Amino acid sequence: KEPGFVCFAGGTPPFTHNGDPNFSGQLVLDEADYFDLFTPGADRRYRGESSSFYLYIDDAQAELARRFPDAKLLIVLRDPIDRIWSSFNYLRRLGGEPLETLDAALDAEPQRIADHWEPLFHYVAESRYSEQLTRLYQRFDRSQVHVAVLERLQDDGPAEMARIFTWLGIDPDADVGVEVRHNSAG
């Protein structure tokens, strides 16, 4: 999950504070290792991966455009307030968020960004989807990008998946088992 390759390809994440001990362990920084992730699906029309920071980190967007200029990008956005609360509560559960209140964490956010804290601590900045999509549309044609909303996927998965499949050129009636929820802790 979330190899983060295009964020940090060949390098080390430049963060001075990492609140998620699982984050670094799931990163795939070596190019050969990254492409090996797709070997099991080599016979498939579409293969992909998911890394939440690709939209937020400008260098990741640039790297995506450089390495995969013809890619189709499925962006799933969550209600920004729900995303902020979820990230804050997740980091609190892990013991990575040292501040006890969200208000205090939001007040600290500008300094954390300046100090290169992991993007999960960029509660508001990471939720500014319009800015991120504007940058993305400067690098990719809009026809290559489909924006879905998490709450719609949760409320009416089959209909939302049909829209995504239509965009991909896949039979919109294909059954993919959207009843199973993954990573539903918050």
Side-chain angles (χ1 to χ4, degrees), residues 1-15 18 20 22-80 83 86-87 113 116-122 125-154 157 159-172 174-178 180 182-183:
K1 182 184 171 213
E2 298 197 41
F5 176 72
V6 299
C7 291
F8 317 109
T12 303
F15 308 132
N18 182 356
D20 181 352
N22 302 314
F23 176 73
S24 296
Q26 69 190 14
L27 292 177
V28 178
L29 303 176
D30 178 77
E31 185 171 359
D33 291 342
Y34 177 73
F35 285 104
D36 282 349
L37 295 173
F38 301 96
T39 301
D43 61 332
R44 304 294 181 180
R45 179 176 174 191
Y46 290 109
R47 292 169 286 159
E49 57 108 327
S50 169
S51 291
S52 61
F53 296 148
Y54 287 177
L55 183 63
Y56 176 62
I57 297 175
D58 191 52
D59 288 346
Q61 286 191 20
E63 189 69 7
L64 272 173
R66 186 182 75 75
R67 288 180 177 268
F68 310 107
D70 299 322
K72 287 192 168 256
L73 306 173
L74 173 61
I75 310 295
V76 180
L77 301 178
R78 185 175 190 179
D79 175 278
R83 198 208 66 72
S86 177
S87 292
I113 291 171
H116 304 288
W117 281 39
E118 176 187 346
L120 214 58
F121 292 94
H122 305 186
E126 196 177 346
S127 297
R128 291 188 176 126
Y129 303 137
S130 177
E131 295 170 13
Q132 298 162 32
L133 287 169
T134 297
R135 291 193 321 264
L136 190 72
Y137 290 140
Q138 292 169 353
R139 294 180 167 110
F140 290 92
D141 187 84
R142 285 180 182 258
S143 67
Q144 292 175 254
V145 179
H146 181 86
V147 177
V149 176
L150 177 64
E151 292 76 14
R152 279 192 231 144
L153 279 164
Q154 292 170 332
E160 198 62 24
M161 290 306 297
R163 283 188 277 280
I164 292 167
F165 285 176
T166 298
W167 169 70
L168 288 171
I170 298 172
D171 175 4
D175 181 15
V176 294
V178 295
V180 177
H182 300 275
N183 195 22

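A quick note: this is a predicted structure, and the numbers were derived from the prediction, not measured.
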List for me each residue that meets salt bridge (charged side-chain N to carboxylate O under 4.0 Å, His left out) alongside [X], sequence neighbours excluded, and say none if there are none.
X: R128; answer: none
X: E118; answer: none
X: R152; answer: none
X: R47; answer: none

Looking only at atom types and distance, does a side-chain atom of [X] sit under 3.5 Å from a main-chain N or O of [Y], one as donor and one as acceptor?
X: Y46; Y: L168; result: yes
X: E151; Y: R78; result: no
X: E126; Y: F53; result: no
X: Y56; Y: Y129; result: no
X: Q26; Y: G4; result: no
X: W167; Y: L74; result: no
X: Q144; Y: D141; result: yes

Residue pair [X] / [Y], side-chain heavy-atom distance below 4.5 Å:
X: F165; Y: D171; value: no
X: L150; Y: D79; value: no
X: L29; Y: Y34; value: no
X: V149; Y: V76; value: no
X: I75; Y: L77; value: yes

Once you measure the plane-to-plane angle for F38 and F35, does it fall in the parallel (<30°), tilted (30-60°) or perpendicular (>60°) bin?
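The arrangement is tilted - the two ring planes meet at 30° to 60°.
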
Using a distance-only test with no angle check, is there a side-chain donor-acceptor pair under 3.5 angstrom linking S50 and E2?
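No, no side-chain donor-acceptor pair sits under 3.5 Å.
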
Does either side chain, that of E49 or that of S51, offer a donor lying less than 3.5 Å from an acceptor on the other one?
yes

How close do [X] and [Y] get, counting heavy atoms only, and between which atoms?
X: Q61; Y: L55; answer: NE2-O, 2.7 Å
X: Q132; Y: S127; answer: NE2-N, 4.2 Å
X: Y137; Y: V147; answer: OH-CG2, 3.8 Å
X: A32; Y: D30; answer: N-OD2, 3.1 Å
X: R45; Y: G169; answer: NH1-O, 3.0 Å

Applying side chain to side chain contact (heavy atoms under 4.5 Å, CB included), name anything that partners A71, two or more places apart in sequence or on another chain.
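So A71 forms a side chain to side chain contact (heavy atoms under 4.5 Å, CB included) with F68, L73.
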
Holding to side chain to side chain contact (heavy atoms under 4.5 Å, CB included), I want the full list of residues that pass it with D59, two or more places apart in sequence or in another chain.
I57

From N18 atom CG to W117 atom CH2, the distance as rounded to the nearest 0.5 Å
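N18 atom CG to W117 atom CH2 measures 10.5 Å (nearest 0.5 Å).
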
Pairing of E63 and R139 as salt bridge, 4.0 angstrom limit
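No.
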
Centroid separation under 6.0 Å, is that true for the rings of F8 and F15?
yes

